Structure formats: structure tokens, C-alpha cells
Asks: 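There's a structure below that I have some questions on.
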Number of protein chains: 2
Amino acid sequence: MDSFDRKILGLLREDATRTYADMASHLHLSPPALHDRVKKLKAKGVIKRTTVELDPQALDRHFCAFVHVETEGYAKDILKEVAEADPAVEEMHGVAGSSSAILKVRTHDAAGLEELLRRLFETGAVRRTESFVVLRTYLERGISP
Amino acid sequence: MDSFDRKILGLLREDATRTYADMASHLHLSPPALHDRVKKLKAKGVIKRTTVELDPQALDRHFCAFVHVETEGYAKDILKEVAEADPAVEEMHGVAGSSSAILKVRTHDAAGLEELLRRLFETGAVRRTESFVVLRTYLERGISP
DNA sequence: GGTGAAAGAGTGTGGAC
DNA sequence: GTCCACACTCTTTCACC
């Protein structure tokens with residue numbers, strides 16, 4: 001993991017459809033040498049997978065919110081079940097602080113969030129929730145190498 | 001945007017290195033027909049870009065937190081400047097609720113978070129912050145079509 | 001949307017530093 | 001161990017039905 005590898009990761013994050021030949025010329029390497037490095041980065045798990053970034057608006061997910069969940073005792077497993085079953089839930093993190101977990105949610109509208117909250121409370125494990133509705137996303141980029 | 005397109009998006013999210021021929025056979029379409037659909041999905045902006053998912057651990061980003069920021073009046077632009085300049089900040093959302101903005105942060109360690117907080121307060125626009133340190137990530141998937 | 005063909009990319013092998 | 005040059009196979013992607 002040297003500066004070459006970091007540059008490769010940066011290029012791939014920007015656009016993974018880049019050809020190896022193109023990236024190789026940018027870094028003054030031969031295509032096979034670059035290919036070798038990418039293969040190793042994948043084998044080592046640094047690159048977990050190649051995927052596409054979708055536009056939430058185009059998929060009718062106009063509503064985004066962060067939901068803080070306070071549970072009755074330790075109930076992460078029950079929470080995870082509900083979160084995983086609902087495609088609206090993009091992330092779930094167990095956190096330290098006044099809340100037990102933070103959920104990142106994307107639904108069609110506010111009613112979709114209410115649906116999720118209902119399901120969360122129905123488990124009996126949730127004491128209270130606090131939802132922060134996203135008004136505008138200023139920045140949303142992945143990890144930068 | 002029919003059921004074919006949704007299936008294509010699902011397949012590409014899982015693994016964007018799939019060949020068109022492979023996906024076409026899964027959906028009982030010809031490679032060029034599938035290629036046409038993907039091209040249109042990209043042109044329409046449904047597919048924003050093709051990228052790679054990296055492992056935060058492998059890049060020494062062991063520490064993750066959500067930071068709630070309360071500003072002195074409307075100061076999103078100043079906030080955005082600081083957030084954008086810091087590669088540790090992955091997301092910044094303006095939200096409704098008791099906070100003004102939520103930041104998703106990934107650093108090497110807790111000291112990295114403190115650094116960011118210092119920079120935030122140095123702008124003079126921040127009244128208070130509340131940080132929720134991620135103990136464990138239970139779910140982290142993108143949008144599902 | 002399907003068919004066939006061209007241009008070009010991905011990906012092994014062998015050899016040199 | 002890492003990089004380069006060559007070559008072969010498969011994919012992408014075009015024009016036409």
C-alpha cells in the first residue's frame with residue numbers, strides 16, 4: 001500500500017469504468033503492472049467490490065432522515081432484524097451517547113418514515129426515537145484514500 | 001423504468017464488473033438490448049457513476065462518528081467549506097430538529113475527531129456539537145432499487 | 001429488441017531488472 | 001518480488017434487420 005496504490009484507489013473511486021490502459025498512462029505504469037496491483041488490492045480486501053451509485057430521486061426516494069433509537073436494555077439484534085428487512089434503512093450503527101443506535105433512512109415520503117417507526121415500536125424493545133429529517137444534503141461522498 | 005431496469009440496477013449494485021452478456025442471459029435479453037438499457041439509465045442519471053467500495057479498516061480509518069452541529073444563525077456555507085476540505089468528513093446534511101447539521105466522520109482515531117471539532121469551532125459559527133461515536137456498524141448498504 | 005461483426009479491452013505467459 | 005512486452009480471448013459496441 002504505497003502512493004501508487006492510493007492513487008489507483010482514488011481513480012477507481014471517481015470512475016471504476018476507467019480502462020487499465022488509461023489509468024496506467026496516468027501513473028506511468030504498464031497496463032499489466034497496474035492490473036496486478038488492482039488484483040492484489042481486491043484480494044487483500046481493500047477494494048471490497050465494484051458497484052454503481054444510484055440517484056435516490058430517480059428511484060422516488062425523496063425523503064431522507066436520521067433516526068436515533070433508544071432501546072429498552074440491549075436490543076440491537078431485534079433492531080437489526082427490523083432494519084435489515086426494510087429496504088428503506090440504508091445504515092444502522094450502534095453508538096455511544098444518549099442514543100443506542102442511529103439509522104439512516106430513505107423513503108418515498110414522511111409516511112414511509114412513520115411506517116418504520118411503527119414497526120420499531122411494535123418490537124417492544126424501543127423506548128423512544130428522535131428523527132432528524134434531512135432538508136438538504138451538502139456532501140455525500142464515500143471514504144477518500 | 002420497468003421491472004427489467006430494476007433488476008439490472010440490483011445486479012449492478014451487487015457487482016458492477018458483471019459482463020453484459022452474463023446479465024443479459026440472467027434476464028433473458030440480448031447483450032446489446034441490455035447495454036442499451038444501461039446506457040439509458042446512465043444518460044438519465046439514475047446511475048450516477050460506477051465506483052469501488054473500500055474497506056475503512058484497510059485504510060486505517062478505524063474510528064467513525066456522527067457529529068451534530070448547532071450553528072450560530074444560518075452558517076451552512078461556512079460549515080460546508082470546512083467539511084469539504086477535510087477528507088475525514090464523508091457526509092454533511094442540513095437537518096430539521098434540534099441540530100442544524102449532521103456530519104458523518106471517519107478518522108484514524110478519536111484524536112482525528114477532536115481535530116475536526118477544533119476546526120469547526122474556530123470558524124466562530126458553531127455554538128455547540130454533540131458527537132455519537134460508532135461502536136459497531138450493523139448495516140451499511142446503499143440504496144436498494 | 002435481435003443478429004453479426006469490428007474494434008478494443010482484459011488478462012495470461014515469459015523474460016528482464 | 002515487481003514491472004514490462006507480446007499475444008490471445010472475450011467483451012463491448014457499432015451498423016443493419
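Side chains are part of it too, since the values below use all heavy atoms of this structure and drop only hydrogens, waters and symmetry mates. Sequence lines set the chain letters: A, B, ... in the order given, protein chains first and strands last, and positions in each chain run from 1. Since we're looking at a predicted model, the values are computed, not measured.
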Asks: When the ring planes of A:His68 and B:Phe132 are compared, do they come out parallel, tilted or perpendicular, using 30° and 60° as the limits?
Replies: perpendicular
Asks: Could you check whether atom CD of B:Glu70 has more than 12 heavy atoms from other residues, nucleotides or ligands sitting under 6.0 Å from it?
Replies: yes
Asks: Please verify the inter-ring angle class for B:His62 with B:His108; under 30° counts as parallel, over 60° as perpendicular, anything in between as tilted.
Replies: perpendicular
Asks: Is the phosphate of D:dT13, meaning OP1 or OP2, less than 4.0 Å from a side-chain N or O of B:His35?
Replies: yes
Asks: Does A:Arg136 have any side-chain contact (heavy atoms from CB on, under 4.5 Å) partners at least two apart in sequence or in another chain, and if so, which?
Replies: A:Tyr138
Asks: Of the options D:dT13, D:dC4, D:dT2, whose atoms approach the side-chain atoms of A:Arg37 most closely?
Replies: D:dT2
Asks: Would you indicate, yes or no, if D:dT2 has its OP1 or OP2 atom less than 4.0 angstrom from a side-chain nitrogen or oxygen of A:Lys40?
Replies: yes
Asks: Can you measure from CZ (A:Arg6) to CD1 (A:Ile8) and round to the nearest 0.5 angstrom?
Replies: 12.0 Å
Asks: State the dot-bracket string of DNA chain D. Criteria: Watson-Crick or G-U wobble, both atom distances under 3.5 angstrom; notation: ( ) intrastrand, [ ] crossing earlier pairs, | interstrand, . unpaired.
Replies: |||||||||||.|||||
Asks: Identify the 5'-most and 3'-most nucleotides of DNA chain C with at least one atom closer than 4.0 Å to a non-hydrogen atom of chain A.
Replies: C:dA9 to C:dG12
Asks: State which of D:dA5, D:dC14, D:dC3 makes the closest approach to the side chain of A:Ala33.
Replies: D:dC3
Asks: Would B:Lys104 and A:Glu91 count as a side chain to side chain contact (heavy atoms under 4.5 Å, CB included) here? Give the steps.
Replies: CA-CA 12 Å; B:Lys104 185 182 179 184; A:Glu91 300 181 22; 3.0 Å; yes
Asks: Just the rounded figure in Å: distance from P of D:dG1 to NZ of A:Lys39.
Replies: 15 Å
Asks: Under 4.0 Å between a side-chain nitrogen and a carboxylate oxygen: does that hold for A:Glu122 and A:Arg119?
Replies: no
Asks: Out of curiosity, does A:Leu139 fall in the hydrophobic cluster containing B:Val82 (side-chain heavy atoms, cut-off under 4.5 Å, transitive links)?
Replies: yes
